[in-house]
Amino acid sequence: MALFLDTSRGDSDATAYAIGDDVVRVASAHLLNRAVEDNPGEALVVIDADYDLAGALAIASDYRIRRPSLGVVLLRRRIDVALIAQALQAGVREVVTVDDLPAIAAACKRSREVSARQLGITPSIGQGQIVTVFSSKGGCGKTTIAINLAVALSAVERRKTILVDLDLQFGDVGISLGLPSTPTIADALPMQGQLDAIGVASLIHPHGSGLDCLLAPMTPEEVESIPGALVTEMLQVLRTEYDYVVIDSPPAFTDTVLAALDLSDTYVLVTTPDIPALKNLRITLDTFDELGYPRSAWQLVLNRGDEMNGLESGDIETALGANVHIVIPQSSDVSRAGNRGVPIVTDNPRHPVALALQKLASMQRGLDAERVGAVDVRQRKTGLFRRGK
Ligand SMILES: Nc1ncnc2c1ncn2[C@@H]1O[C@H](COP(=O)(O)OP(=O)(O)O)[C@@H](O)[C@H]1O
Ligand SMILES: [Mg+2]
C-alpha cells in the first residue's frame, strides 16, 4: 500500500498508477496522519505537486522522527538544486517532477526497498516465518488471535499466509471461518516421508480474505495418529511456500506442539489478566527458557487487558519477568464478528481490538516491539508470584 496526499482537483490517476497498485488517496495532512497511525506497516507517502511546500517539508521532518521507516516522496512541478537540498534536509527521500511518471515509479520502488531494509524485511526467498500462538490455558483467546493475526498478515499486509490449526483435538479454525470440514491435516498421513508442496496444496482451504488454512482432524483416532514428525515435515514444506505460517495451538505441550515450537521464528504467548492464566504463562516462560526458545522471539499478548480486576501492568510484568508487548482490550464485538465468520480485523479495522491485532501483525514484519505498543515496564518489587529458580 502507499498513501498519496493528493489535494489537486486535476486528474492524478496517472500519478497514482505510477506510484503502484493499492494507492490510498488522502485529501489533507490530518487524514494522512490518521492513515499512518492506523497502518503501522505503511512504508510510503507520496505528496502531490500542488501541496504547499512548507507543509510537505513539515510532514517529512515529522515522520523522519516518528516513523523513520516511512519514506516520503515529494512531487513538484519544477525542481531545482535549492529545492532538492531543502527537501532532503527535511527528510524527504526523493523529489520527482510530477509529469515524469517513470521517475515517480522508480523513486517509489527505491523508497519501498529502503523501508523494507530498515524494517528487516527481506523478499521471500523460500524461508517464510513461522509464528506459533500459544498459551497453556484454554479460553485465553489463542484462536481469536491466531485467526486475526493470519488474516491481518494476508489481507492487510498482503503477505502470502497460511493458518495451521494444530489444536488437533478441539480445533475451531474451520468452523470459525466457515470452511468445509475436510480435508484435514490427517489426510497428510499417507504422504508422510514424501510430503511436498503439491501434496500439502491438496489439503488447503482458501478463505475469502486471501488466507489459506490447514484444518484439524475430525475424529480422536485421527488426532492420535498424527506424529510430531509429520508436523515438522509439513511446516518445512509450508515455510518454502508462504511468507508467514501462523499456527493455532491447544493449551498443552503436546508432541505436535513441540514440533511446531521447535521450528517457530516467533512465539505469540497469550494471557489474560487473572492469576491462573498468569501463573500458567510464567510456567510456560520458564519452560521456554529451558527449551532454549530465545526471549527475543517472545511476543507477550495480554488479552482482555482492560479488565485488570485490581492488577496493574507493572505487577504483571514483574510477575512474568518479561515485557508485555501488545494489550488487546475486551469487547463483545470480538465474538459478534466471530459468530458471523468475519474476523474483527477485517470486519471493523478501526476497532481498538482490531488495531491491537494489526500491531501484532506489524510486529511480525520486524517493527520494534517497544515502538508498537509495549506497556510501560516498571521495576517494582511487589510480585504476584515469585520467579523461583
Ligand atoms: N478480547 C476479547 N474480547 C472479548 N471476547 C474475546 C476476546 N478474545 C477472545 N474472546 C472470546 O473468548 C472466547 C475464547 O477465545 P478463543 O480464541 O477461542 O480462546 P482459546 O483458543 O485460547 O481457547 C471466544 O468466545 C472469543 O470470541
Ligand atoms: Mg482455541
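This one's a predicted model, so the numbers in the text were calculated from it and none came from an experiment. The first residue of the sequence shown is numbered 1, and numbering continues consecutively from there. As the structure lists them, so they are numbered: ligands from 1, and atoms in each ligand from 1.
The nearest N, O or S atom of T144 is not closer to the Mg ion (ligand 2) than 2.8 Å.
Within 6.0 Å of CD1 on I175 lie no more than 12 heavy atoms contributed by other residues, nucleotides or ligands.
Of the polar atoms of G139, at least one N or O is found under 3.5 Å from an N or O of ligand 1, judged by distance alone.
Distance from atom 25 (O) of ligand 1 to its nearest protein heavy atom, with residue and atom name: S335 OG, 4.1 Å. Atom 18 (O) of ligand 1 has T143 CB, 4.0 Å as its closest protein atom, hydrogens excluded (heavy atom only). G141 N, 3.0 Å is the protein heavy atom nearest to atom 19 (O) of ligand 1. Protein heavy atom in closest approach to atom 9 (C) of ligand 1: T144 OG1, 3.5 Å. When only non-hydrogen protein atoms are considered, atom 10 (N) of ligand 1 lies nearest to R304 NH2, 3.2 Å.
When V353, N303, I328, N339 are checked for heavy-atom proximity to atom 7 (C) of ligand 1, N303 turns out nearest.
The proximity of P251 to ligand 1, defined as any non-hydrogen pair under 4.0 Å, does not occur for either the backbone or the side chain. No part of D248 comes within 4.0 Å of ligand 1, judged by heavy-atom distances. By the criterion of a heavy-atom distance under 4.0 Å, the backbone of S331, and not its side chain, is placed next to ligand 1.
Here the two rings, on Y293 and Y267, have centers that are under 6.0 Å apart.
The pair R350-D38 meets the salt-bridge criterion, with a side-chain N (NZ, NE, NH1 or NH2) lying under 4.0 Å from an Asp/Glu carboxylate O. Ion pair R304/D274 not flagged as a salt bridge, since none of the NZ, NE, NH1 or NH2 atoms sits closer than 4.0 Å to an Asp/Glu carboxylate oxygen.
Contact between C140 and ligand 1 is present, with at least one heavy atom of the residue lying under 4.0 Å from the ligand. Ligand 1 does not have S332 within reach: every non-hydrogen atom of the residue lies 4.0 Å or more from it.
Between the N148 side chain and the V345 main chain, a donor and an acceptor come within less than 3.5 Å of each other. A donor-acceptor contact shorter than 3.5 Å is absent between the side chain of Q192 and the backbone of L189.
To the nearest 0.5 angstrom, R110 atom CZ is 11.5 Å from R93 atom CZ.
When all heavy atoms of Y244 and V131 are compared, the closest pair comes out as CD2-CG2, 4.4 Å.
Only one option out of V24, V26, V46 pairs with F4 in a side chain to side chain contact (heavy atoms under 4.5 Å, CB included); it is V46.
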